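Heavy-atom basis, side chains included; hydrogens, waters and symmetry copies ignored. Treat the numbers as computed from the prediction; the structure is a model and nothing was measured.
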Amino acid sequence: MSEHICAEIVPIFEQLDHDELLKISSLVVHHHFQKGEVILSPNTPSQLVIVAAGAAKSYQLSASGKEQLLSVLDAGDFEGEKNLFGVQNQELYVETLKNSAVCTIATSEFQQLLENYPSIALKLLKSNAEKIAALEKQNQLLNHDSVEQRLATYLLDLAKIKNNDQIVLPMKLKELASFLGTTPETISRKLHIFSDRALINQERHTITIKDSTALEELKNA
DNA sequence: ACATTAAGCTGTA
DNA sequence: TACAGCTTAATGT
């Protein structure tokens, strides 16, 4: 497993020259985690975690103690940046979905870095704004009162993002269920209902939207 | 209308 | 064939 990839693959470190990358690499600690390990929680030290290879999920716990999925982190994605600005992490968890290579940067050292390289702070800001936009969208999703509305909205949004009526679900149904605030069983049933009504075609994780107008009506019902 | 529980099915290593 | 992921059905809230 390569030991010096993090700084090069992360978007916020793009466009830095070789010397700058070297300085960052000296602050980075490399780890390897098995599938299912919790790598960031309210109990772990304050740090930025970067997924170098593999995948992880970030989530918070609901009142009843269940996972509420926030996002799936693939290679190059990171989480915990609010730790870097002195915000105490009280609710955020990050757990590996596969065996993964993960890099961490401690808060104190990163603050030093931000002072020396303001361009990194700007990229972090942009990335953070995008993350907030995604969370606002999910918040809007969860405000729809029925699962059918939430699922219809999600599918239409995904098709819009990909600019294609044929979409591939980016996560397991179990995770999609958590993302939409429901159960895998209900997701499975609703997808079948949509298929029966000829709103979509489903072949495993590949879904083709056949009647977007009907789905639009459903989500606004 | 949806969750929970339990059991059965299917693809993949 | 053992396991994870998904589905189906029965029952509960």
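Identified under the salt bridge (Lys or Arg N to Asp or Glu O under 4.0 Å) test for residues 104-120 of chain A, with sequence neighbours left out: none. Applying the salt bridge (Lys or Arg N to Asp or Glu O under 4.0 Å) test to pairs two or more places apart or on separate chains, those with a residue in residues 48-71 of chain A are K57(A)-E67(A). Within the structure, every pair that satisfies the side-chain hydrogen bond (donor to acceptor under 3.5 Å, both in side chains) test and touches residues 97-106 of chain A, not counting sequence neighbours, is listed here: H31(A)-T104(A). For residues 118-130 of chain A, the set of pairs meeting the side-chain hydrogen bond (donor to acceptor under 3.5 Å, both in side chains) definition, not counting sequence neighbours, comprises Q15(A)-K123(A).
Under a 4.5 Å side-chain heavy-atom criterion applied to ILVMFWY residues, the cluster that includes L122(A) comprises that residue alone.
Remark: E37(A) pairs with F33(A), Q34(A), T96(A) by the side chain to side chain contact (heavy atoms under 4.5 Å, CB included) rule, at least two apart or across chains. The salt bridge (Lys or Arg N to Asp or Glu O under 4.0 Å) test applied to E185(A) returns no partner, not counting sequence neighbours. Contacts of E175(A) classified as salt bridge (Lys or Arg N to Asp or Glu O under 4.0 Å), with partners at least two apart in sequence or in another chain: K172(A). E216(A) is linked by a salt bridge (Lys or Arg N to Asp or Glu O under 4.0 Å) to K219(A), counting only residues two or more places apart in sequence or in another chain.
Residue T182(A) places at least one side-chain N or O under 4.0 Å from the OP1 or OP2 atom of dA3(B). Regarding contacts with the backbone of dA1(B), every side-chain N or O of K190(A) stays at 4.0 angstrom or more from both OP1 and OP2. When the side-chain nitrogen and oxygen atoms of K98(A) are compared with OP1 and OP2 of dA4(C), none of them lie within a distance under 4.0 Å. Of the side-chain N and O atoms in T186(A), one or more sit less than 4.0 angstrom from OP1 or OP2 of dA3(B). Remark: H192(A) is not in phosphate contact with dC6(C), judged by side-chain N or O atoms under 4.0 Å from OP1 or OP2.
The nearest whole Å value for the distance from the CG atom in N99(A) to the P atom in dA4(C) is 13 Å. To the nearest angstrom, P of dT7(C) lies 14 Å from NZ of K174(A).
Taking every heavy atom of residues 205-221 of chain A and every atom of DNA chain B, no pair lies under 4.0 Å.
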Pairs under 3.5 Å (N/O, protein and nucleotides 7-13 of chain B):
none

Every protein N/O lying under 3.5 Å from an N/O of nucleotides 9-13 of chain C:
unit_1: dA9(C); atom_1: N7; unit_2: R189(A); atom_2: NH2; d: 3.1
unit_1: dA9(C); atom_1: N6; unit_2: R189(A); atom_2: NH2; d: 2.7

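Taking the six-membered ring where the residue is Trp, F110(A) and F13(A) present tilted rings, their angle falling between 30° and 60°.
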